[in-house]
Peer 1: 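Please find one structure pasted underneath; my questions will follow.
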Amino acid sequence: MTARQWSRPSAVLCGLGTYLPPRIVTNDELSLELDTTDEWIRNRTGIRRRHVIEPGSATSTLAIEAGRRALKSSRHDRADAVVVATTTPDRPCPATAPEVAAQLGLPGVPAFDIGAVCAGFVYALAIGAGLISSGIAERVLVIGADTFSTILNPKDRTTRAIFGDGAGAVVLRPGEAGEPGALGPFDLGTDGDLADLITVPAGGSRQRAEGTTAPPADHYFTMQGKSVFQQAVLRMTESVQRVLAQTGWSVDDIDRFVGHQANARILTALAERLELPRERIVSNIDRVGNTAAASIPLALADGGLRPGHRVLLTSFGGGLAWGSTVLRWPEVTPA
Ligand code: UT7
């Protein structure tokens, strides 16, 4: 057993990269196809536009570019494990991560997907931190990538108004618990009794085992928006309080609050409940919409973070699943 294994290194964030597909869809463009308006979408969600992939691209296209940029930002072109958080893998089987690793010139490394829907990135960070503290990997590339445009019902104005495509990635290395960039503690949780609030009903083993042909609408993403909104505010508030208690920080200690960008009104409600000044809340939802597993790293890159800032990350999504963690922002330039 080496000294490094005995002392259980912390995982330290040392690189950040993001990628958005070039095509932008404005609210006005959506209103040409759907019974909606720019005004409704802006007032109810804070979103003005979102990016979407075009034919020929897939989740891996975005994940590879974000991963490449994160490695560049870390000034080290190697990682020895790749974790991809996604709900929209290129194919149901195999996982997307091995192809991403191969395309990034990382042959032979452990690479796998994890599914925690919009909470996926924080879950993937926790797994990356575990790989490092257990001594299994030295440098881990953690990617959140989703292309919800591929699973939305074209006729569903509610989901099409909020979701966008994108990817973000970070590189983790071993280090000391107190140093800038060190992650943790983590608060993670789920409530499977409420799994039906956010679901793609068809296409999985349940439907196949029953031998039924699912109606086409069941292959699309569905969300019970109002209940999900309430759960998002409740679960993220509780998770933030738990992670603060573990960390020993008070709400006043948070310099930047990076919450899942699902709806600007959810971020406002969180700020009110936690009594957090609005200017500490990072929000880029007006430009990117809700990018699911990519939401947190995209917000990190857009958040105007400065070295030394105390940053709290919190996320929430289908499962239901939620997760929070903290770090002091390191000297990292997003790529
Ligand atoms: O990322 C994972 C977690 N996801 C979330 O956290 C999302 C949480 N939920 C939300 O952000 C909001 O619930 C939505 C943005 C999805 C919906 O906003 P809402 O204010 O909760 O609207 P609603 O579902 O209560 O609908 C109010 C009205 C309805 O019309 P009626 O029945 O009152 O006549 C909807 O049909 O607004 C209508 N509506 C729309 N109208 C114009 C719903 N979507 C639209 C739309 N344009 N795009």
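Counting from 1, the numbers follow the sequence of the chain as shown. We count ligands from 1, going down the list as the structure has it; atoms in each ligand are counted the same way.
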Peer 1: Where is the nearest protein heavy atom to atom 2 (C) of ligand 1: which residue, which atom, and how far?
Peer 2: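 Atom 2 (C) of ligand 1 sits closest to the protein heavy atom Cys118 SG, 3.3 Å.
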Peer 1: May I ask you to identify the nearest protein heavy atom to atom 16 (C) of ligand 1, giving residue, atom name and distance to one decimal place in Å?
Peer 2: Thr158 CG2, 3.3 Å
Peer 1: What about Thr36: any of its N or O atoms under 3.5 Å from an N or O on ligand 1?
Peer 2: yes
Peer 1: Is the shortest N/O to N/O distance between Arg157 and ligand 1 below 3.5 Å?
Peer 2: yes
Peer 1: With Arg310 as the cation and Trp249 as the aromatic partner, state whether NZ or CZ is under 6.0 Å from the six-membered ring centre and within 45° of the axis.
Peer 2: yes
Peer 1: Are Asp80 and Arg139 close enough for a salt bridge, meaning some N to O gap below 4.0 Å?
Peer 2: no
Peer 1: Heavy-atom contact check, 4.0 Å cutoff: does Met223 meet ligand 1?
Peer 2: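 Yes, Met223 has a heavy atom closer than 4.0 Å to ligand 1.
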Peer 1: So is Ala161 polar-close to ligand 1, meaning N/O to N/O under 3.5 Å?
Peer 2: no
Peer 1: Verify whether the ring centers belonging to Tyr123 and Phe186 lie closer than 6.0 Å.
Peer 2: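 No, ring centres 6.0 Å or more apart.
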Peer 1: Measure from atom 4 (N) of ligand 1 to every heavy atom in Val228, Thr87, Leu30, Val233 and give the option owning the shortest one.
Peer 2: Val228
Peer 1: Quick one: look up the protein heavy atom nearest atom 22 (O) of ligand 1 and list residue, atom name and how far away it is.
Peer 2: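 Heavy-atom neighbour on the protein nearest atom 22 (O) of ligand 1: Trp40 CZ2, 3.9 Å.
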Peer 1: Could you establish whether His260 and ligand 1 come within less than 4.0 Å of each other, counting only heavy atoms on the residue side?
Peer 2: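 Right, His260 reaches ligand 1.
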